[in-house]
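First comes the structure, then the notes that go with it.
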Amino acid sequence: MMPFLPLPRGRRRVLIGLGVALATVSAFGIYQAASGDAGSPPVNVTFVLGGGSKVKKAVGGTPQGTGLAIQGSFRGLAAATDGTVYLFTQEDQGMVMWKRETSGSTARIPLTGLDNRTAEQTAVASDGSIYLATGDSLWKIGPDGKTIKLVETKCDNPRPFVNASIDEFCTGQVTGVTITADGTVYFGDQTVLGQHASYVHKISGDMVELVAGRPPQDNESLLRTNPAVKNGIDPPAGTKAKDVLVPAIWDSGWLTSSPSGIYWRTGPGIVRINADDTLTPLVGARDPDSISELKGPFDSIGSALDAEIGRGSIGSSRGDLTTLPDRSEIYYTDAHETYSPPFSSEYRWAGEKTASQKDFIDNLLKGKVIYQVSGENIAPVMSGVQAIAASGDSLYIAAESESDNRATGVLQVELPEMS
């Protein structure tokens, strides 16, 4: 077990504050707020897939999304621009892809050629193909469940800092993936042995091209006192994406795209890769001590440029990153600490639930904390989630529960109205 990794005092306050909030048991139960509750209202969630009582083993047929009890361990979550949601789970017989359309129609599709992998991130292409960054590779999954391994990670001398054909390219791990509006696939990757560094690449036809990051020079410092490292977290205007060094290999590499550019998690921060190949900071770790203690969900705790994302470890669950294009908001999960019920009155998952859905939430497994970056502000949203995905103005979360021995579900988060 990895030792506790110390954080700046302000960041510790945030995490401790959330821990206290989530450890507080509401005297009024989890699902119904008492009249006159002070503070912010709880977060409402609605089941989209899973949380039901019926098990579906065959391909096709009924029941539909929210009537299903989806048994198996969580392996990935994706959302397409048309609102179709994809959930990946591991069953005894292998990995399965659940496809839930906006109509509620749901299909269970066994995967061929891919088993017992967990997606660090996912992305959906316009043709219905799904890309999974699973550490060991970047996989492309067709609508029929057939898989193709796109990126090699098994070689004697990974050289991700050199452009190469996709057949010759080799890196250490693939940790993130996103697809831009024009269909270009970007992936985050890193070398974990020898020269520790994180990169961003794009696939252009049969070529893999470097977009961001560089390897460390011989005996170069990997600490933030090195300007090349600092500029990968809080870059000044004009910083070139290929000039920064990102050595935080367990806490970097997740991507999301927007019309403004590609967002890249770079350890304690998040930067945007602009069209001119320069970087702009989003979460900058400038002054973590100025971040206030947690209030309620969606209540600002300070400037995103001052916030610092907690460090994970080799054995910890990784975080993820997504964009709500219709709201111009960025959401990320902090995997430094995970939390499980009971929730406090403000941080419980509220909303109407069936008996089986209530049982699902009553038995949630530990999960990560979601943060929202809107404009210049950062705010906590909720905790207990395994992954996040977005489509249009909708934020989806995946959750795991001990109900039915092991169950997985997808829920939609009710977001506050935009001001």
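Computed from a predicted model, the values in this text were never measured in an experiment.
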| query | Which residues satisfy the salt bridge (Lys or Arg N to Asp or Glu O under 4.0 Å) test with D136, sequence neighbours excluded? | reply | R117
Please output the side-chain donor-acceptor pairs of residues 231-238 that fall under 3.5 Å, not counting sequence neighbours, one pair per line with the distance.
from: N231; atom 1: ND2; to: P227; atom 2: O; distance (Å): 3.3
from: D234; atom 1: OD1; to: R286; atom 2: NE; distance (Å): 3.1
from: D234; atom 1: OD1; to: R286; atom 2: NH2; distance (Å): 3.1
from: D234; atom 1: OD2; to: R286; atom 2: NE; distance (Å): 2.8

| Would a line drawn from the ring center of F47 to the ring center of F360 be shorter than 6.0 Å? | yes
| Whether over 12 other heavy atoms sit under 6.0 Å from K240 NZ | yes
| query | Can you name the closest pair of heavy atoms from V124 and A80 and give their distance? | reply | CG1-CB, 3.7 Å
| request: Tell me, please, which residues at least two apart from Y86 pass ring-ring contact (aromatic ring centres under 6.0 Å, His included). | output: none
| ring pair (Phe, Tyr, Trp, His ring centres under 6.0 Å) pairs, two or more places apart, involving residues 271-290 | none
| field | Contacts of Y186 that satisfy ring-ring contact (aromatic ring centres under 6.0 Å, His included) - sequence neighbours left out | value | none
| Listed partners of D218 passing side-chain hydrogen bond (donor to acceptor under 3.5 Å, both in side chains), at least two apart | none
| Steps toward side-chain contact (heavy atoms from CB on, under 4.5 Å) verdict (V85, W98) | CA-CA 8 Å; V85 174; W98 296 88; over 6 Å; no
| request: Determine, step by step, whether S165 and D206 satisfy the side-chain contact (heavy atoms from CB on, under 4.5 Å) criterion, reporting the C-alpha distance in whole Å, the side-chain angles of both residues, the deciding distance to 0.1 Å, and the verdict. | output: CA-CA 6 Å; S165 70; D206 295 330; 5.5 Å; no
| request: Check side-chain hydrogen bond (donor to acceptor under 3.5 Å, both in side chains) between D287 and all other residues, then give those that pass, not counting sequence neighbours. | output: none
| request: Any ring pair (Phe, Tyr, Trp, His ring centres under 6.0 Å) involving residues 112-150? Give me the pairs, sequence neighbours left out, ordered by first then second residue. | output: none
| query | Salt bridge or not for E308 and R224, using N-O below 4.0 Å? | reply | yes
| query | Is there a donor-acceptor pair under 3.5 Å between the side chain of S401 and the backbone N or O of N363? | reply | yes
| task | Determine whether more than 12 heavy atoms belonging to other residues, nucleotides or ligands lie under 6.0 Å from atom CD of E209. | result | yes
| field | Residue of the set T256, T333, T175, T122 for which side chain to side chain donor-acceptor pair (under 3.5 Å) holds with D320 | value | T333
| query | Under the ring pair (Phe, Tyr, Trp, His ring centres under 6.0 Å) rule, what pairs show up with a residue in residues 156-179, not counting sequence neighbours? | reply | F169-F187, F169-H201
| query | What pairs of residues pass the salt bridge (charged side-chain N to carboxylate O under 4.0 Å, His left out) test when at least one of them lies in residues 150-168, not counting sequence neighbours? | reply | K149-E152
| request: Output all residues satisfying side-chain hydrogen bond (donor to acceptor under 3.5 Å, both in side chains) with D127, sequence neighbours left out; order by chain, then residue number. | output: S129
| message | Going by salt bridge (Lys or Arg N to Asp or Glu O under 4.0 Å), name the residues that satisfy it together with E220, two or more places apart in sequence or in a different chain. | response | R214
